[in-house]
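Residue numbering restarts at 1 for every chain, and letters A, B, ... go by the order of the sequence lines. The figures here come from the full heavy-atom set of this structure, side chains too, leaving out hydrogens, waters and symmetry mates.
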Number of protein chains: 2
Amino acid sequence: MLEKISIGKMAKLNNVSVQTLHHYDKIGLLSPSYTDPITNYRYYSIKQCASLDFIKYLKYMGFTLQEILEFFTKEDAKSISKLLDEQIHLIDQKMNDLTQMKRTLEVASKNYKTYMQIQNMGIIERNVLPERKIYCYDGKKNIYNDHLETYEYILRELRNQALIHQFPTSYFCNVGSITRMEMIKQRKLTSTEIFMLVDAHFSEIQGIEILPAQEYVTIYCDQFSNERDYAFKLIDYIEEHKLEIAGDYICEVIIELPEWTHAERHMIMKLQIPVKKNL
Amino acid sequence: MLEKISIGKMAKLNNVSVQTLHHYDKIGLLSPSYTDPITNYRYYSIKQCASLDFIKYLKYMGFTLQEILEFFTKEDAKSISKLLDEQIHLIDQKMNDLTQMKRTLEVASKNYKTYMQIQNMGIIERNVLPERKIYCYDGKKNIYNDHLETYEYILRELRNQALIHQFPTSYFCNVGSITRMEMIKQRKLTSTEIFMLVDAHFSEIQGIEILPAQEYVTIYCDQFSNERDYAFKLIDYIEEHKLEIAGDYICEVIIELPEWTHAERHMIMKLQIPVKKNL
DNA sequence: GTAAACCCTATTGTAACAATAGGGTCAAGA
DNA sequence: TCTTGACCCTATTGTTACAATAGGGTTTAC
């Protein structure tokens, strides 16, 4: 009762599509045991299910059809074992990539949710911020010139540095600018430095600084053109409340919205000045 | 100093290829701010880096270019937040898939390594095997007939059942046949049932059985045609050593090698009979 | 003025099929 | 024996995000 199995039956029997079998035949992965020379009808034997099983099995393990073809040329268990281990390694890499992606997404999601709840745009707050680590880059030009142009160029340079140091791509959105304490104490909003927030474990690289945990006065700002005014609001507040500037001024980009029509950045920033009580 | 940036410079500035920029222009994702109407040369403005940043950012989060296009039509933070959360969900799924793949690979790898170390093909051993759970399927026909043909058909049926019960694909390679105790005690190798090893948490489904932890006499067998002889070897051993058959005979497929040329299954099986001391 | 470096469009290729179109074949019932 | 519906064939196009050409024009620096 050795049955000739038509392509449709073979497909149903193995839960694959007819096209798939066509395809496997075409690339020489699995050709029917008999092909009618007149009609070109394909007929499979039940034993070919074993091959198909094997193909499906390898496919499930993430091998490409080309790789599966190679499998069939390597019959020794040693080569196969090696290929399997390599594949495991490859999957580990993919998992890492996905983990990074997910982390990035989660940060973005959190930021957008924060954004939607910001009721306090332009309102001064005081709170203690935790320790953060940043990678600073000095572009040697004042980023507050030229309507963001200089900023853009320096941002590119920062990213190239980050690529050199092999920072994960996910850092690329956690940026900001820093104006040193001396400047801000003179009420000058001038800066040549921008930074990227990095994870705690980076340390040996030159340019890494620590922002200690401490009290800050902060304000949310949703337009670049407002930054100057808002920064001065912070300074005014500090003076009025007899506080003292205790460190560098930070303008941290919280979130970036796609502003297609204007073709210009639209971002939410959190302006921050560390303070201590004036004794 | 609003500079016209040529495509090559833009590419270098942003670490992308010229082709990529061509492509983005083509699909309307990012068109240069100025195109020379005579030469068709593309010139970008520095501010378009912001858009490119955003594109790269979303790409990094795993969105397709089409999806990114949609992002630009949805400017409200709420829609974006929703898209982000959906993407997180999608990544979770992919991670699960990868985890399954990896598990399958690890089992396969382990099996092949075991195989390479099998020195004891055809040699009887006694050892205690841990508890296992199996899903049995009765094909109503003796699988030892017709040179594997019946087996193939019943194997397809088992898999269809497994699909219905939504077993993970990784189970598909952990199969075997079972010959009930009454049969094997009569020295009859006759079986209509095959099984699939399943994880411990499956229980409510009909057809699930438990193989208790206990002592077995076992033998490795590398050819279907040898199974009968080897099974009788086990029975002989049991009788000679005054043991008693304590349960069903199991033929477990340990590993399946690709046997391209012969177009027939070539597998390593571990034949097992549970025993107890004859008091 | 010239050559190198740059830019353009258009085509082909990648992976693993799905979805057609347009036509021939098989099997079962009348 | 005929018919009809179910089945099969080949060939083409489409999918993603570009890379890699080919064949030709342009810019820029010396």
Side-chain angles (χ1 to χ4, degrees), chain A residues 3-44 48 51-52 54-72 87 90 94 97 101 169, chain B residues 3-44 51-52 54-72 87 90-91 94 97 101 169:
Chain A
E3 206 180 337
K4 283 198 308 182
I5 303 169
S6 74
I7 196 168
K9 280 183 192 162
M10 187 72 173
K12 240 177 226 163
L13 214 50
N14 290 282
N15 278 297
V16 299
S17 75
V18 170
Q19 280 106 322
T20 301
L21 291 177
H22 276 165
H23 189 58
Y24 291 174
D25 187 11
K26 202 177 194 175
I27 65 173
L29 192 56
L30 180 62
S31 298
S33 62
Y34 173 72
T35 307
D36 188 310
I38 297 160
T39 64
N40 283 335
Y41 271 36
R42 295 170 177 85
Y43 294 102
Y44 295 84
Q48 295 192 283
S51 302
L52 195 46
F54 196 68
I55 293 168
K56 286 170 76 177
Y57 183 40
L58 291 179
K59 232 165 68 78
Y60 181 73
M61 296 196 285
F63 291 100
T64 66
L65 297 188
Q66 284 309 311
E67 287 165 338
I68 296 174
L69 257 173
E70 286 165 31
F71 258 93
F72 286 122
Q87 190 70 5
L90 215 147
K94 280 193 188 166
D97 290 350
M101 267 165 79
T169 312
Chain B
E3 207 180 335
K4 283 200 307 183
I5 303 169
S6 74
I7 196 168
K9 281 184 190 161
M10 187 71 173
K12 241 178 226 161
L13 214 50
N14 291 282
N15 279 297
V16 297
S17 74
V18 170
Q19 281 107 322
T20 300
L21 291 175
H22 277 165
H23 188 60
Y24 291 174
D25 187 12
K26 201 178 197 176
I27 65 172
L29 191 57
L30 180 63
S31 297
S33 61
Y34 173 72
T35 307
D36 189 310
I38 296 160
T39 65
N40 283 334
Y41 272 35
R42 295 170 177 84
Y43 294 102
Y44 295 84
S51 302
L52 196 46
F54 196 68
I55 292 168
K56 286 171 75 177
Y57 183 39
L58 291 179
K59 234 165 65 78
Y60 182 73
M61 297 195 284
F63 290 101
T64 66
L65 298 187
Q66 283 310 309
E67 286 166 338
I68 295 173
L69 257 174
E70 286 165 32
F71 258 94
F72 286 123
Q87 191 71 5
L90 215 146
I91 289 189
K94 279 192 189 167
D97 290 350
M101 268 165 79
T169 312

Review point. So where does chain A start and stop touching DNA chain D, 5' to 3', when the test is distance under 4.0 Å to a non-hydrogen atom?
Key: D:dC7 to D:dT10
Exercise for review: Test B:F63 against every option in B:F54, B:F71, B:F72 by the ring-ring contact (aromatic ring centres under 6.0 Å, His included) rule and name the one that passes.
Suggested key: B:F71
Review point. With sequence neighbours left out, what residues match B:D25 under salt bridge (charged side-chain N to carboxylate O under 4.0 Å, His left out)?
Key: B:R42
Return all side-chain donor-acceptor pairs below 3.5 angstrom for residues 55-62 of chain B, not counting sequence neighbours, or 'none' if the list is empty.
from  : atom 1 : to    : atom 2 : distance (Å)
B:K56 : NZ     : B:N14 : O      : 2.5

**Study point:** Residues which pass side chain to side chain donor-acceptor pair (under 3.5 Å) with A:T169, listed by chain and number, not counting sequence neighbours
**Key:** none
Check your understanding: How would you list, by chain and number, every residue that makes a ring-ring contact (aromatic ring centres under 6.0 Å, His included) with A:Y43, sequence neighbours excluded?
Key -> none
Between protein and nucleotides 24-27 of chain C, what N or O pairs are separated by less than 3.5 Å?
from   : atom 1 : to    : atom 2 : distance (Å)
C:dG24 : N2     : A:Y41 : OH     : 2.8
C:dT25 : O4'    : A:Y41 : OH     : 3.1

Review point. Could you state the CG-C1' distance from A:L30 to C:dA16, rounded to the nearest angstrom?
Key: 15 Å
Point to revise | Pairing residues for B:K9 by the side chain to side chain contact (heavy atoms under 4.5 Å, CB included) criterion, not counting sequence neighbours | key: B:I5, B:S6
**Study point:** With sequence neighbours excluded, residues passing side chain to side chain donor-acceptor pair (under 3.5 Å) with B:T39
**Key:** none
Study note, to complete from the structure: Contacts of A:K94 meeting side chain to side chain contact (heavy atoms under 4.5 Å, CB included) (sequence neighbours excluded), chain-then-number -> A:L90, B:L98
Point to revise | By side chain to side chain donor-acceptor pair (under 3.5 Å) - contacts of A:T35 (at least two apart) | key: none
Check your understanding: Among residues 6-25 of chain A, which contact DNA chain C at a heavy-atom distance under 4.0 Å?
Key -> A:S17, A:Q19, A:T20, A:H23, A:Y24
Exercise for review: Mind checking side chain to side chain contact (heavy atoms under 4.5 Å, CB included) for B:Q19 and listing every partner two or more places apart, or none if nothing turns up?
Suggested key: B:S17
